[in-house]
Chemist: 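Pasting a structure here, questions to come.
Order of the sequence lines fixes the chain letters, A, B, ..., with proteins taken first and strands second; residue numbering starts at 1 for each chain.
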Number of protein chains: 2
Amino acid sequence: MTQVFNFSSGPAMLPAEVLKQAQQELCDWNGLGTSVMEVSHRGKEFIQVAEEAEKDFRFLLNIPSNYKVLFCHGGGRGQFAGLPLNLLGDKTTADYVDAGYWAASAVKEAHKYCTANVIDAKTTVDGLRAVKPMSEWQLSRDAAYLHYCPNETIDGIAIHETPDFGDDVVVAADFSSTILSGPLDVSRFGVIYAGAQKNIGPAGLTLVIVREDLLGKAHKACPSILDYSVLNDNDSMFNTPPTFAWYLSGLVFKWLRNNGGVAQMDKINQQKAELLYGVIDASDFYRNDVAQANRSRMNVPFQLADSNLDKLFLEESFAAGLHALKGHRVVGGMRASIYNAMPLEGVQALTAFMTDFERRHG
Amino acid sequence: MTQVFNFSSGPAMLPAEVLKQAQQELCDWNGLGTSVMEVSHRGKEFIQVAEEAEKDFRFLLNIPSNYKVLFCHGGGRGQFAGLPLNLLGDKTTADYVDAGYWAASAVKEAHKYCTANVIDAKTTVDGLRAVKPMSEWQLSRDAAYLHYCPNETIDGIAIHETPDFGDDVVVAADFSSTILSGPLDVSRFGVIYAGAQKNIGPAGLTLVIVREDLLGKAHKACPSILDYSVLNDNDSMFNTPPTFAWYLSGLVFKWLRNNGGVAQMDKINQQKAELLYGVIDASDFYRNDVAQANRSRMNVPFQLADSNLDKLFLEESFAAGLHALKGHRVVGGMRASIYNAMPLEGVQALTAFMTDFERRHG
């Protein structure tokens, strides 16, 4: 059959080698005669999986030793509540930068727990959608933390700057769609979190990296499953963790280590993005309306000049093995999500198809 | 290799046929050339999986139409917070029956949100551990709901009675370790919840069955991922659900339907329990200290008269392909969890081993 490249925004493509290994050992893992899904999270075999996954994740992102890594339930949406519940302490305000759909969703949840001071960072540059530089973000004095989302999956907008607001500002960021796609200076953040289903593994697992001095401040109404201290004190096994997702994420981490780590991913992701944006920019047939400096390398939304061709584009691309290119319902058009697991060949196949489609219908 | 029977209490054994099917289609599902893990939860292919799983689950338990089924993150522990956050309304008290480890854990979490009026139902009958009959439970007048756990995974204790407290009492129950093991009159409950990892599927998914008149009362501090109304309004896709666990649970539901449903499970589970307790009771070498009426059919803890033999028992049973028989750390000894996926042959193999072990070491 045709080689399939899956541009889904999440759950998303996983490395083919990882899936193959998971398939091979699905019914007989580790020589146990059982599936990894069937063993206790407290048994020595799974504990080893869990510990290795954390070790590899720490290695990949060079996470400083004063940061804890938590493997949680509940997705990014869970952390939208988890953040204020863990970080507010005796404060009542937090700063929330709004630059897109997910940042705004985090604000909505935060309002349950505090006054979310919204910093509207959306702007335009030469008519293109953009984000105000960090130097223009007006932080409030009494905020417990500053939250932002460095990559907006739906809007195709990214904030590539690294925060540098001084030691007093606790920066919390939703890295769901961009974690592990390149180097990351963890030390600039108080909390980094990411739903696994974009750049890590299967849906149902969420990773939280939290600076240890921020532990122990959870609100008394914080559900235990979202309480960073409870999770940390129990090695993320206060309740049964999503073991299969944890295991599979561990395989992805090994795959990343074997393939040059985030430095190499950074390079390939840059190549992929340049290739795709290049084809879009070189044509009047396709259009992306995000300013250069804020273009996402992970999620590339684009429009056809003639939206009457959308349906045909989707049918023909699917037939060519290029799946899940339909844009998010709130923005329409197309979107290609090109996370780590998408090989350069996938983007080459997409751009070749786009060029051919334009030739035939342009 | 030796046929393996896995007595893990959860994550637990899955039906061999289900795992085989999952393995076969892990890299190419539904003819898509991608894994079910890689497709969007909002795509038509996954929506069909999701809807069929719910339909089959409803069929198996004969769930009345005025009940909603939610597929959630967060495990049973998540629901320990979810219950008070959703059900208290303007009340401040709830009744909690304590008959074991998990019931007591639910109380601890509930105290964050309300006054949990604890009904201590633990008792003894002829020196054996037992639970007071429901007729002796002293309900308080102003409780928003009554919570109990019908099967205590760690204690090996079950409450087999069906609640009948009249229409005014909202009964909420943690069915994590006993759901689908036999018929269940859903109409007697306000909320039934169950972590998937014992009798349903992989860890990371939680099922909630909630009577629709109980929706819409969530506390304003309830995280959206635990808010029954939010989940219901979004068909359990307010945030990305644990799709692979949902898919696999759907396969388990199909397997149950193809194997006689809960009526047939009920019969086999009864046979399995009688066989295992029979061997324990017929010997002075093994011991189970739970009163007949409250013995769990799912989790059978047992002790060796001479605990010095524990280590040898575990080594030899493991070598014989009988895995994960070590008792929970808080009670010690042995425990055999014999959920739906454990075939009668597994219990036969276990009892044959036990008899032989006793012959050799008794």
Chemist: Calculate, to the nearest 0.5 Å, the distance between atoms OG1 and CD1 belonging to B/Thr206 and A/Ile225 respectively.
Modeler: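 Rounded to the nearest 0.5 Å, the OG1-CD1 separation comes to 8.0 Å.
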Chemist: Apply side chain to side chain contact (heavy atoms under 4.5 Å, CB included) to B/Lys220 and A/Tyr113, showing your working.
Modeler: CA-CA 9 Å; B/Lys220 72 181 174 55; A/Tyr113 309 103; over 6 Å; no
Chemist: Under a 4.5 Å heavy-atom cut-off, does chain B meet the side chain of A/Leu248, its backbone, both or neither?
Modeler: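 Just its side chain gets close to chain B.
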Chemist: Roughly how far apart are B/Gln24 CD and A/Cys27 SG, rounded to 0.5 Å?
Modeler: 9.0 Å
Chemist: Report, by ascending residue number, the residues of residues 102-112 of chain B in heavy-atom contact with chain A at a distance under 4.5 Å; give 'none' if the set is empty.
Modeler: B/Glu109, B/Lys112
Chemist: Please identify, among A/Gly74, A/Ser40, A/Pro202, the residue contributing the most non-hydrogen atom pairs under 4.5 Å to chain B.
Modeler: A/Gly74
Chemist: Report which part of A/Gln197 has an atom under 4.5 Å of a heavy atom belonging to chain B: side chain, backbone, both, or neither.
Modeler: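 A/Gln197 touches chain B through side-chain heavy atoms alone.
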Chemist: Locate the shortest heavy-atom distance separating B/Leu14 from A/Glu38; write the atom from each residue and the value.
Modeler: N-OE2, 2.7 Å
Chemist: How many angstroms lie between CD in A/Gln23 and CD in B/Glu25, if you round to the nearest 0.5 Å?
Modeler: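 So the CD of A/Gln23 and the CD of B/Glu25 are separated by 10.0 Å.
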Chemist: Which atoms of A/Ala203 come close to chain B, meaning under 4.5 Å heavy atom to heavy atom: side chain ones, backbone ones, both, or neither?
Modeler: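 Both parts, heavy atoms under 4.5 Å.
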Chemist: Who wins among A/Ser224, A/Ala81, A/Ala245 for the most heavy-atom pairs under 4.5 Å with chain B?
Modeler: A/Ser224
Chemist: Which one, B/Leu205, B/Thr243, B/Thr240, leads in non-hydrogen pairs under 4.5 Å with chain A?
Modeler: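 Heavy-atom pair counts peak at B/Thr240.
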Chemist: Find the one option among A/Lys20, A/Lys326, A/Arg42 whose heavy-atom pairs under 4.5 Å with chain B are most numerous.
Modeler: A/Arg42
Chemist: Answer with side chain, backbone, both or neither: which region of A/Cys72 has an atom nearer than 4.5 Å to a non-hydrogen atom of chain B?
Modeler: neither
Chemist: Under 4.5 Å heavy-atom distance to chain B, tell me which part of A/His323 shows up: side chain, backbone, both or neither.
Modeler: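 For A/His323, the contact with chain B is made by the side chain alone.
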Chemist: Given heavy-atom pairs under 4.5 angstrom as the criterion, report whether the side chain, backbone, both or neither of A/Phe238 touches chain B.
Modeler: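 Interface part for A/Phe238: both.
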Chemist: As a quick check of understanding, evaluate side chain to side chain contact (heavy atoms under 4.5 Å, CB included) for B/Arg77 and A/His73, giving each step before the final call.
Modeler: CA-CA 11 Å; B/Arg77 291 265 194 194; A/His73 290 254; over 6 Å; no
Chemist: Using heavy-atom distances under 4.5 Å, tell me whether A/Pro84 contacts chain B through its side chain, its backbone, both, or neither.
Modeler: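 Neither the backbone nor the side chain of A/Pro84 comes within 4.5 Å of chain B.
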Chemist: Under 4.5 Å heavy-atom distance to chain B, tell me which part of A/Ala16 shows up: side chain, backbone, both or neither.
Modeler: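 The answer is neither part of A/Ala16.
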Chemist: Under 4.5 Å heavy-atom distance to chain B, tell me which part of A/Ala324 shows up: side chain, backbone, both or neither.
Modeler: neither
Chemist: Quick one: pull up CG in B/Leu26 and CD in A/Gln21 and give me the separation to the nearest 0.5 Å.
Modeler: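 Result: 11.5 Å between the selected atoms.
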Chemist: Can you say whether B/Leu226 sits under 4.5 Å from chain A via the side chain, the backbone, both, or neither, judging by heavy atoms?
Modeler: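 Side chain of B/Leu226 only, per the 4.5 Å heavy-atom cut-off to chain A.
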Chemist: Considering only heavy atoms, which portion of A/Ser8 lies under 4.5 Å from any heavy atom of chain B: side chain, backbone, both, or neither?
Modeler: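 Only the side chain of A/Ser8 comes within 4.5 Å of chain B.
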Chemist: Distance check, rounded to the nearest 0.5 Å: A/Phe5 atom CZ versus B/Thr34 atom OG1?
Modeler: 13.0 Å
Chemist: Identify the heavy atoms of B/His41 and A/Pro11 that sit nearest to each other, and give their distance.
Modeler: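 Closest approach of B/His41 to A/Pro11: ND1-CD, 3.5 Å.
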Chemist: Determine the option with the most heavy-atom pairs under 4.5 angstrom with chain A, choosing from B/Gly78, B/Cys222, B/Ala196.
Modeler: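 Top option by heavy-atom pairs under 4.5 Å: B/Cys222.
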